[in-house]
Amino acid sequence: MVAPDLLGKLLAAGEGAGSVVGRIVETEAYTVDDPASHSFRGPTARNRVMFGPPGHLYVYRSYGIHWCANVVTGGLDDGEAVLLRAVELVEGVGLARERRSGRTDRELANGPGKVCQALGIDGTHDGTDLTQLSSPVRILDDGHPPPARPITGPRIGITKAIDVPWRFRSP
DNA sequence: AAAGAGATGGTCT
DNA sequence: GACCATCTCTTTT
């Protein structure tokens with residue numbers, strides 16, 4: 001599983017009437033070789049999930065205010081994850097509008113902190129197994145293929161290794 | 001349209 | 001004590 005493969009997949013959170021689902025349209029890859037990655041200096045209490053099994057959710061607090069969510073993509077001890085930067089909502093838009101009141105629809109989940117706000121993802125979801133249908137947060141594959149030719153570009157919001165085009169977006 | 005600054009708190013040195 | 005994988009609001013072109 002590499003970063004572009006997540007494009008087109010569905011990210012789902014919540015149960016029943018409280019569920020919000022979005023199609024992943026922008027991701028960003030992080031590895032242990034990357035000075036900008038939380039895993040660069042090895043496992044810590046915060047990033048331990050990154051070194052766990054793949055298919056789990058790594059959630060961290062950004063700037064003391066926002067939550068950001070990653071999918072662990074490497075094998076055990078690899079420390080690889082993909083930041084979920086943006087989704088297009090396909091279900092539960094009403095609830096997302098309530099959580100992000102005052103925003104236009106396109107501003108509901110077009111950023112990593114906004115994705116978590118719109119879907120209701122927070123620190124309690126750190127370590128969630130995304131492959132279990134019964135999990136509070138999960139990744140679903142509805143057959144929608146990833147883009148054949150994703151748009152790539154430099155990563156955002158970091159100051160290190162910005163020359164590597166490890167950011168991917170659906171056209 | 002673009003640029004700047006403040007909020008706010010955990011994590012690591 | 002410094003540094004942020006951000007967002008929003010305000011100010012300036």
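The structure presented is a predicted model; accordingly, all values stated were derived computationally and were not measured.
- Judged by centroid separation below 5.5 Å and plane tilt below 30°, A:Tyr30 stacks onto the base of C:dA5.
- A donor-acceptor pair is defined here as one N or O able to donate and one able to accept, closer than 3.5 Å; no such pair exists between the side chain of A:Asp126 and the backbone of A:Gly123.
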Using a 3.5 Å limit on both pairing distances, list the dot-bracket string of DNA chain B from the 5' end; Watson-Crick and G-U wobble pairs count, crossing pairs take [ ], interstrand pairs take |. |||||||.||||.
Look for any protein N or O under 3.5 Å of an N or O in nucleotides 11-13 of chain B and output each such pair with its distance, or none.
unit_1 : atom_1 : unit_2  : atom_2 : d
B:dC12 : OP1    : A:Thr44 : OG1    : 2.4

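- Taken residue by residue, residues 109-128 of chain A places heavy atoms nearer than 4.0 Å to DNA chain C at A:Gly111, A:Pro112, A:Gly113, A:Lys114.
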Stepwise side-chain contact (heavy atoms from CB on, under 4.5 Å) check, A:Leu7 with A:Thr27: CA-CA 7 Å; A:Leu7 294 175; A:Thr27 62; 4.0 Å; yes
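- Proximity of a side-chain donor or acceptor of A:His125 to a complementary backbone N or O of A:Asp122 within less than 3.5 Å is detected.
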Polar atom pairs between nucleotides 4-7 of chain B and protein, under 3.5 Å, N or O only, would you list them?
none

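- Between the CZ atom of A:Arg100 and the P atom of C:dC7 there is a distance of 8 Å, given to the nearest Å.
- Among A:Leu119, A:Val115, A:Leu89, A:Val87, the single residue meeting the side chain to side chain contact (heavy atoms under 4.5 Å, CB included) criterion with A:Leu108 is A:Leu89.
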Test side-chain contact (heavy atoms from CB on, under 4.5 Å) on A:Asp78 and A:Thr73; report intermediate values, then the result. CA-CA 9 Å; A:Asp78 284 350; A:Thr73 51; over 6 Å; no
What do the steps show when you test A:Arg23 against A:His144 for side-chain contact (heavy atoms from CB on, under 4.5 Å), and what is the final call? CA-CA 9 Å; A:Arg23 193 173 304 284; A:His144 187 105; 3.1 Å; yes
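- Heavy-atom neighbours of A:Glu91 CD from other residues, nucleotides or ligands within 6.0 Å: above the threshold of 12.
- Here the P atom of nucleotide C:dC4 and the CG atom of A:Leu83 are 16 Å apart, to the nearest Å.
- Separating the CG atom of A:Leu84 from the C1' atom of C:dT6 is a distance of 15 Å, rounded to the nearest angstrom.
- To the nearest angstrom, P of C:dC7 lies 13 Å from CG of A:Leu108.
- Within the 6.0 Å centre-distance limit, the rings of A:His38 and A:Tyr60 are counted as a close aromatic pair.
- Ranking C:dA5, C:dC9, C:dT6 by closeness to the A:Cys68 side chain, first place goes to C:dT6.
- Looking at A:Ser37, its side chain does come within 3.5 Å of a backbone N or O of A:Ser39 through a donor-acceptor pair.
- In terms of phosphate contacts, A:Arg103 brings a side-chain nitrogen or oxygen within less than 4.0 Å of OP1 or OP2 of C:dC9.
- Side-chain heavy-atom separations under 4.5 angstrom define the hydrophobic clusters, and the remaining members of the one that includes A:Val90 are A:Leu10, A:Val21, A:Leu133, A:Leu140.
- Side-chain contact of A:Gln117 with A:Arg99: a donor-acceptor pair under 3.5 Å is absent, judged by distance alone.
- Using a 4.0 Å cut-off between charged side-chain N and carboxylate O, A:Asp105 and A:Arg97 make a salt bridge.
- As rounded to whole Å, 13 Å separates atom C1' of B:dT8 from atom CH2 of A:Trp67.
- Grouped with A:Leu76 in a hydrophobic cluster is no other residue, since no side-chain heavy-atom contact under 4.5 Å to another Ile, Leu, Val, Met, Phe, Trp or Tyr is found.
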